[in-house]
> 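Structure incoming, see below.
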Protein chains: 2
Amino acid sequence: MDGPEPHTDPFASLLGYHLRRASVAVMADLTASLAPLELTPAEASVLFAIGAGSGVTQAEIGRILGIARANMAPLMARFLALGLVEREAVDGRSQALTLTRAGRDLHDRARAAAAAHEDRMFGGFSAAERAAILAKLRALWEPESGGL
Amino acid sequence: MDGPEPHTDPFASLLGYHLRRASVAVMADLTASLAPLELTPAEASVLFAIGAGSGVTQAEIGRILGIARANMAPLMARFLALGLVEREAVDGRSQALTLTRAGRDLHDRARAAAAAHEDRMFGGFSAAERAAILAKLRALWEPESGGL
DNA sequence: TATTGTTATACTCTATAACTATA
DNA sequence: TATAGTTATAGAGTATAACAATA
């Protein structure tokens, strides 16, 4: 007869489980960090994508960030309504996106908030550790990043 | 005058961004791995928690897994309807949960599916690398795990 | 024939509030 | 006064289908 089951942690070996829990915790902190700017993490990432590339289009951003085209529309509508973004026709269907002055302003503040958030979350890791983890995480979702 | 902005990846330094993308990709694979068993990742984790501890209660599982009590109810109702779980009164309000034979059976198949999934996702990492990443991830969400 | 941007819609997950019964 | 379990419901986030205009 076996005794009662030993209380070994059933999630101790499940990397995916810890990945998920960590992601949820980190996202919650980021959400709180961006809330004063009235930006969600997804919106901030779109702002970063527009701010980095000159004249990216809406569809391109969706592909880069993994946001469905249908869900980009209301997000961009809000940015336009807030005067954060300007559009310039590339051809009859695509429009190049650039940040207005207000958009660049908010972009910079979101960048600062994200940086503070990263320091708060990952400050306990050395720069080398951060780089090592980042490379491994990238390999998990970005096939062309080389790893795995 | 500045030239056009250089195309530096605006997410290159954002660990949180890569954590999120990796989590989404890994969860999608796990979801697909568990679909033949008609289990969601959350359901499988509950099955694992019941299978590991003798007589845990519904509320305890919620706390362990970060699932709100309100959301545990329908999940457990399904498990009971499927005959996967049995309840035994601990006191007037709590009930100890144990797996039935069918529940243990599904538990073991879910375990196997999760293990195959983990190998597929993380097989490119050495055991030492897996352990190192897991410890870092744990530190991000489980304060008492020591790190950070 | 494929792509862009849009609208409408559905589906899942998660969060909140309220309630009963029990400790 | 706090906790267990439940119900109902609301809000995100995400996914699908369809459409008009353009390539």
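Every chain is numbered from 1, with letters handed out A, B, ... down the list of sequences.
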> Kindly indicate whether the side chain of Pro41(B), heavy atoms from C-beta on, has any atom under 4.5 Å from the side chain of Thr31(B).
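When only atoms from C-beta onward are counted, Thr31(B) and Pro41(B) do touch, with a gap below 4.5 Å.
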> So, for Phe48(A) and His107(A), is the gap between ring centers shorter than 6.0 Å?
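Yes.
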> Starting at atom CD of Glu60(B), determine the distance to atom P of dA4(D), rounded to an integer number of angstrom.
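In whole Å, dA4(D) P and Glu60(B) CD are 8 Å from each other.
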> Report yes if the side chains of Val26(A) and Phe122(A) come closer than 4.5 Å at any heavy-atom pair, otherwise no.
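Result yes, sub-4.5 Å side-chain heavy-atom pair found.
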> Given atom CZ of Arg69(B) and atom C1' of dA8(D), what is their separation to the nearest angstrom?
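Result: 16 Å.
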> Compare side-chain N and O positions of Gln58(A) against OP1 and OP2 of dT3(C) and report whether any pair is under 4.0 Å apart.
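Checking dT3(C) against Gln58(A), no side-chain N or O comes under 4.0 Å of OP1 or OP2.
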> So if you build clusters from Ile, Leu, Val, Met, Phe, Trp, Tyr with side-chain heavy-atom gaps below 4.5 Å, do Leu137(A) and Trp141(B) land together?
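As far as the 4.5 Å side-chain criterion goes, Trp141(B) and Leu137(A) are not connected within one cluster.
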> Answer yes if Leu80(B) and Leu97(B) sit in the same cluster of Ile, Leu, Val, Met, Phe, Trp and Tyr residues linked by side chain heavy atoms under 4.5 Å apart, and no otherwise.
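Yes.
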> How many Å lie between CE on Met27(B) and P on dT12(C), as a whole number?
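These atoms are roughly 15 Å apart.
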> Please give, in whole Å, the distance from dT6(C) P to Ile67(A) CD1?
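Spelled out: CD1 on Ile67(A) to P on dT6(C) is 14 Å.
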> Report the C-alpha distance between Glu43(A) and Leu47(A) in whole Å, list the side-chain angles of each, state the deciding distance to 0.1 Å, and finish with yes or no for side-chain contact (heavy atoms from CB on, under 4.5 Å).
CA-CA 6 Å; Glu43(A) 288 171 334; Leu47(A) 223 44; over 6 Å; no
> Quickly work out the Leu30(B) CG to dC13(C) P distance and round it to whole Å.
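Computing the Leu30(B):CG to dC13(C):P distance gives 12 Å.
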> Using whole Å, report how far CD1 of Ile61(B) lies from P of dA4(D).
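Whole-Å distance recorded here is 12 Å.
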> Whether the Ser33(A) and Arg120(A) side chains hold a donor-acceptor pair (N or O, under 3.5 Å, no angle test) is what I'd like checked.
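Yes.
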> Between N or O atoms, less than 3.5 Å apart, protein on one side and nucleotides 18-20 of chain D on the other: list the pairs.
none

> Please give me every residue in residues 76-100 of chain A whose heavy atoms get under 4.0 Å of an atom in DNA chain C, ordered by residue number.
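By residue number: Arg87(A), Arg93(A), Ser94(A), Gln95(A).
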> Extract from the structure each pairing of a protein N or O with an N or O of nucleotides 13-16 of chain D at less than 3.5 Å, listing the distance.
from: dT14(D); atom 1: OP1; to: Arg20(B); atom 2: NH2; distance (Å): 2.5
from: dA15(D); atom 1: N7; to: Asn71(A); atom 2: ND2; distance (Å): 3.2
from: dA15(D); atom 1: N6; to: Asn71(A); atom 2: OD1; distance (Å): 3.1

> Side chains of Val85(A) and Met76(A): does their closest heavy-atom pair fall under 4.5 Å?
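A side-chain contact exists here, since the closest heavy-atom pair is under 4.5 Å.
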> Any chance you could measure Ser23(B), atom OG, to Tyr17(A), atom OH, to the nearest 0.5 Å?
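Rounded to the nearest 0.5 Å, the OG-OH separation comes to 12.5 Å.
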> Could you state the atom-to-atom distance from CD of Glu43(B) to P of dT12(C) in whole Å?
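Rounding to the nearest Å, CD of Glu43(B) and P of dT12(C) are 11 Å apart.
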> Does a side-chain N or O of Arg63(A) approach OP1 or OP2 of dT3(C) to a distance below 4.0 Å, or not?
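No, outside the criterion.
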> Quick check: do Leu14(A) and Arg111(B) have side-chain heavy atoms less than 4.5 Å from each other?
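In short, these two side chains touch, coming nearer than 4.5 Å.
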> Could you tell me whether the side chains of Arg69(B) and Gln58(B) share a donor-acceptor contact shorter than 3.5 Å?
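Not at all, the side chains of Arg69(B) and Gln58(B) share no donor-acceptor pair under 3.5 Å.
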> Would you mind classifying the nucleic acid contact of Ala59(A) as base, sugar-phosphate or nothing, using non-hydrogen atoms under 4.0 angstrom?
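If one applies the 4.0 Å heavy-atom cut-off, Ala59(A) turns out to touch the sugar-phosphate alone, with no base involved.
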